[in-house]
Amino acid sequence: MPELPEVETIARALRDGGRDEPSIIGKTVSEARVYWKRTLSEPRVPVFKKRIIGQSIKDVKRRGKFVIMHFHSEYLLFHLRMSGDLKVEANLDEQGHKIPAQKHDRLILEFSDGMRLAFNDTRKFGRAWLVKDPQTILGDLGPEPLDPALTPEVFYKMLTSCSRQMKPLLLDQKFLAGLGNIYADEALHLAKLHPMLNSIDISSEQAKVLLKSIRSVLREGIKRNGASIDWVYRGGDFQNHFQVYQCMGEPCPVCGTPIQRIVIGQRSTHFCPVCQPEPKKS
DNA sequence: CCTGAAACCTGTCTGC
DNA sequence: TGCAGACAGGTTTCAG
């Protein structure tokens, strides 16, 4: 699931309630269960239980691709990686019996009101941290793309103060927090920049257009509640609006040229060879 | 500093 | 039907 718009969608549903799930704000943890040990990065399971049971949730936020749950004296952070999902569901059936964990549930927080929060993650790449200070985990993240403090001038400086291929650079969370493979490809296409263009060669005008493009595709993703692909479906429909991602061979919506797929930094990359011309070698 | 490859995992799809 | 291989929204670590 998870790039910035998908994580934002999940965080909002947890905070405000979703279509068929209630908000978790105010709920109190009565029990915690960990089914896959490596899912919990820190602390160890017994300490985790001791520290989180009895605490209630004050707020839910997002930073980059992290979901942040603020408890009274703790922060519980989740990174969904490739296949993670967080949902609120019933913990007890009508007779008051515990409903068994679902397939691929890795961590469950039971609440005192009969509901539970389930972290479900098919591929087991997702991670959770319980920390006093979230900065120990989030400290290295780059700026939020939608933060107004990130001006075109600042962004231009960020781009030209390193020498990196554009695609991997946009995926680097230390550079900018929240972009993933879908939105990076879509933003580069909208900005008409080749994914292998060197960041040091970018003009201030191109930087400005790119920032605008990044914000545009992210806002569109959030508006559509993210993209739903494969077995993970949360009602988002941005997948029906991809211009280049997973569109190899289909005509570019701008010029009609077949979209190409190449691999950069081990990630599949989709672009229009005409709209996003190959940079000249320097 | 920068790039590429491997590793961590399970599931789906394609082609032979 | 079976089986091998490619591929999937991400990140870390290591080699060159």
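As a basis for the values below, the full set of heavy atoms in this structure was taken, side chains included, without hydrogen atoms, waters or symmetry mates. Note that the coordinates shown come from a computational prediction; the quantities given were computed from them, not determined experimentally.
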How many Å lie between [atom1] on [X] and [atom2] on [N], as a whole number?
X       : N       : atom1 : atom2 : value
M196(A) : dG4(B)  : CE    : P     : 6 Å
D172(A) : dC2(B)  : CG    : P     : 10 Å
Y245(A) : dG9(C)  : OH    : P     : 3 Å
H241(A) : dG9(C)  : NE2   : P     : 19 Å
Q165(A) : dG4(B)  : CD    : C1'   : 10 Å
M166(A) : dC2(B)  : CE    : C1'   : 15 Å
M82(A)  : dG11(B) : CE    : C1'   : 12 Å
L141(A) : dG10(C) : CG    : P     : 14 Å

ask   = With nearest nucleotides of DNA chain B determined for F125(A) and S163(A) from heavy-atom distances, which residue corresponds to the more 5′ nucleotide?
value = S163(A)
query = So what stems show up for DNA chain C if we need 3 or more Watson-Crick or G-U pairs in a row, all under 3.5 Å?
reply = B:2-8 with C:10-16, B:10-16 with C:2-8
Between [N] and [X], is there an OP1 or OP2 to side-chain N/O distance shorter than 4.0 Å?
X       : N       : result
K124(A) : dC8(B)  : no
H104(A) : dG11(B) : yes
R38(A)  : dC9(B)  : yes
S83(A)  : dC9(B)  : no

inquiry  = Going by side chain to side chain donor-acceptor pair (under 3.5 Å), name the residues that satisfy it together with D113(A), two or more places apart in sequence or in a different chain.
reply    = K27(A)
request  = Would you please name every residue forming a side chain to side chain donor-acceptor pair (under 3.5 Å) with Q246(A), sequence neighbours left out?
outcome  = none
Looking at residues at least two apart in the chain, or sitting in another chain, which of them share a side-chain contact (heavy atoms from CB on, under 4.5 Å) with [X]?
X       : result
D93(A)  : Q95(A), H97(A), I99(A)
H104(A) : R106(A), N120(A), T122(A)
V88(A)  : L14(A), E21(A), P22(A), I24(A), M115(A), L117(A)
C247(A) : F242(A), E250(A), I259(A)

message = For a quick check under 3.5 Å, do Q55(A) and T28(A) share a side-chain donor-acceptor pair by atom type?
response = no
Detail all sub-3.5 Å separations between protein N/O atoms and N/O atoms belonging to nucleotides 11-15 of chain C.
{"residue": "dT11(C)", "atom": "OP1", "partner": "H79(A)", "partner atom": "NE2", "Å": "2.8"}
{"residue": "dT11(C)", "atom": "OP2", "partner": "K65(A)", "partner atom": "NZ", "Å": "2.9"}

ask   = Aromatic ring centroids of F78(A) and F66(A) under 6.0 Å?
value = no
key: Between F271(A) and H189(A), ring centroids under 6.0 Å   = no
query = Between dA5(B) and dA6(C), how far is it from one P atom to the other, in whole Å?
reply = 14 Å
query = Out of dG9(C), dT10(B), dC7(C), which nucleotide sits closest to the side chain of R261(A)?
reply = dC7(C)
message = If you only use heavy atoms from C-beta on, which nucleotide in dG11(B), dC9(B), dC2(B) is closest to the side chain of K103(A)?
response = dG11(B)
I'd like a table of donor-acceptor pairs (distance under 3.5 Å, sequence neighbours excluded) in which one partner is a side-chain atom from residues 162-179 of chain A, with atom names and distances.
{"residue": "S163(A)", "atom": "OG", "partner": "N198(A)", "partner atom": "OD1", "Å": "3.4"}
{"residue": "S163(A)", "atom": "OG", "partner": "N198(A)", "partner atom": "ND2", "Å": "2.9"}
{"residue": "R164(A)", "atom": "NH1", "partner": "D172(A)", "partner atom": "OD2", "Å": "3.3"}
{"residue": "R164(A)", "atom": "NH2", "partner": "D172(A)", "partner atom": "OD2", "Å": "3.4"}
{"residue": "K167(A)", "atom": "NZ", "partner": "N181(A)", "partner atom": "OD1", "Å": "2.7"}
{"residue": "K167(A)", "atom": "NZ", "partner": "D185(A)", "partner atom": "OD1", "Å": "2.8"}
{"residue": "K167(A)", "atom": "NZ", "partner": "S268(A)", "partner atom": "O", "Å": "3.3"}
{"residue": "K167(A)", "atom": "NZ", "partner": "T269(A)", "partner atom": "OG1", "Å": "2.9"}
{"residue": "D172(A)", "atom": "OD1", "partner": "K174(A)", "partner atom": "N", "Å": "2.9"}
{"residue": "Q173(A)", "atom": "OE1", "partner": "G178(A)", "partner atom": "N", "Å": "2.8"}
{"residue": "Q173(A)", "atom": "NE2", "partner": "L171(A)", "partner atom": "O", "Å": "3.0"}
{"residue": "Q173(A)", "atom": "NE2", "partner": "L179(A)", "partner atom": "O", "Å": "3.0"}

